[in-house]
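Structure record follows, encoded as structure tokens.
In what follows, every heavy atom counts, from backbone to side chain, and hydrogens, waters and symmetry copies are set aside. Quantities reported herein were computed from a predicted structural model and do not represent experimental measurements.
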Amino acid sequence: MSKLGVNVSGAPPAGPDGAEAPLERLVRVFNELRDELVSTLWFMLGNRDDALDAAQEAFLKCWKSPDSLSNVRDLRAWIFRVGFNAAKDLKRNAWRRRARPLCGDEVMILSPEDLPLDLMEEKETLERLRRAIMDLRPDEKEVFLLRQNGDLTYDQIAEARGSPVGTVKTQMRSALQKLRRQFA
């Protein structure tokens with residue numbers, strides 16, 4: 001997914017006080033966190049193509065609601081929330097549930113000798129981590145990914161999810177305990 005270079009016609013590049021126009025700010029912030037968002041959605045959805053689709057859908061939903069931008073206190077958390085909702089919608093789509101690719105996103109390695117041992121071990125560890133994250137309950141996975149990949153605070157996650165901070169911390173603690181058990 002390439003960086004978005006959007007020229008918003010009809011919207012001034014900055015407000016009268018020199019502040020950035022809301023849609024320009026949206027494009028800038030989305031570009032800054034795009035890789036983190038796609039990575040997080042990839043973990044949530046299980047494949048890169050669906051993650052890219054969900055990220056694109058998230059941007060379009062954000063773009064189509066310019067009036068909401070002025071009410072958003074934390075644009076980063078809001079974009080992640082919209083992205084997670086787009087991913088959930090994608091997962092609920094009946095056609096996508098039936099149509100599964102025959103192979104995953106992994107690149108086929110012709111022989112183990114093609115890569116140094118360290119790279120093979122790192123790849124295996126990352127694959128174990130990915131499987132462990134995918135096995136978390138949906139609420140634990142969402143909190144974990146928003147905290148680790150989205151780099152959001154517990155307060156931001158709670159606000160984005162509409163749940164108490166204590167609940168978010170409990171879900172994060174539960175997720176970390178399950179992941180630690182996988183690697184103990």
Set of side-chain hydrogen bond (donor to acceptor under 3.5 Å, both in side chains) partners for [X], sequence neighbours left out:
| X | value |
| --- | --- |
| Arg76 | Glu36 |
| Gln148 | none |
| Ser163 | none |
| Arg28 | Glu20, Glu32 |

Taking all atoms of both residues into account, what is the closest heavy-atom pair of [X] and [Y], and its distance?
| X | Y | value |
| --- | --- | --- |
| Pro164 | Ala158 | C-CB, 4.0 Å |
| Ser174 | Arg137 | OG-NH1, 4.4 Å |
| Asn47 | Asp49 | OD1-N, 3.1 Å |
| Asp50 | Leu90 | O-CD2, 3.3 Å |
| Ala86 | Ala54 | CB-O, 3.6 Å |

Hey, does [Y] have a side-chain heavy atom less than 4.5 Å from the side chain of [X]?
| X | Y | answer |
| --- | --- | --- |
| Leu176 | Met172 | yes |
| Phe80 | Leu33 | yes |
| Ile157 | Val165 | no |
| Arg25 | Leu69 | no |

Out of curiosity, [X] [atom1] to [Y] [atom2], how far, rounded to the nearest 0.5 Å?
| X | Y | atom1 | atom2 | answer |
| --- | --- | --- | --- | --- |
| Met44 | Leu146 | CE | CG | 9.0 Å |
| Leu26 | Trp63 | CG | CH2 | 7.0 Å |
| Asp74 | Leu152 | CG | CG | 7.0 Å |
| Ile133 | Phe43 | CD1 | CZ | 4.5 Å |
| Gln182 | Leu136 | CD | CG | 8.5 Å |

Legend entry - Presence of salt bridge, Glu159 and Arg81, under 4.0 angstrom: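 Salt bridge: no.
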
Inset, instruction - Please determine if Glu127 and Lys123 form a salt bridge, counting it only when a charged side-chain N lies under 4.0 Å from a carboxylate O. - result: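 The answer is no: the pair does not qualify as a salt bridge.
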
Taking only residues two or more places apart in sequence, or in another chain, which ones meet [X] in a side-chain contact (heavy atoms from CB on, under 4.5 Å)?
| X | result |
| --- | --- |
| Ala51 | Val38, Leu41, Trp42 |
| Glu121 | Leu117, Asp118 |
| Val82 | Ala58, Lys61, Cys62, Trp78 |

Inset, instruction - Examine Phe183 and Phe144 and state if one hydrophobic cluster contains both, with Ile, Leu, Val, Met, Phe, Trp and Tyr joined whenever side-chain heavy atoms are less than 4.5 Å apart. - result: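 Same hydrophobic cluster.
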
Legend entry - Cluster check Leu37, Met134: I/L/V/M/F/W/Y, side chain < 4.5 angstrom: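 Not linked; separate clusters.
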
Legend entry - Heavy-atom donor-acceptor pair, Thr153 side chain to Gln156 backbone, under 3.5 Å: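 At least one qualifying donor-acceptor pair exists.
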
Legend entry - Lys/Arg cation over aromatic Tyr154: Arg147, 6.0 Å, 45° cone: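 The answer is yes, since Arg147 meets both limits relative to Tyr154.
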
Inset, instruction - If a pair satisfies salt bridge (charged side-chain N to carboxylate O under 4.0 Å, His left out) and one of its residues is in residues 172-184, list it, with sequence neighbours excluded. - result: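 Those involving residues 172-184 are Glu140-Lys178.
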
Inset, instruction - Just jot down the salt bridge (charged side-chain N to carboxylate O under 4.0 Å, His left out) partners of Arg161, sequence neighbours excluded, or say none. - result: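 Arg161 satisfies salt bridge (charged side-chain N to carboxylate O under 4.0 Å, His left out) with Glu142 only.
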
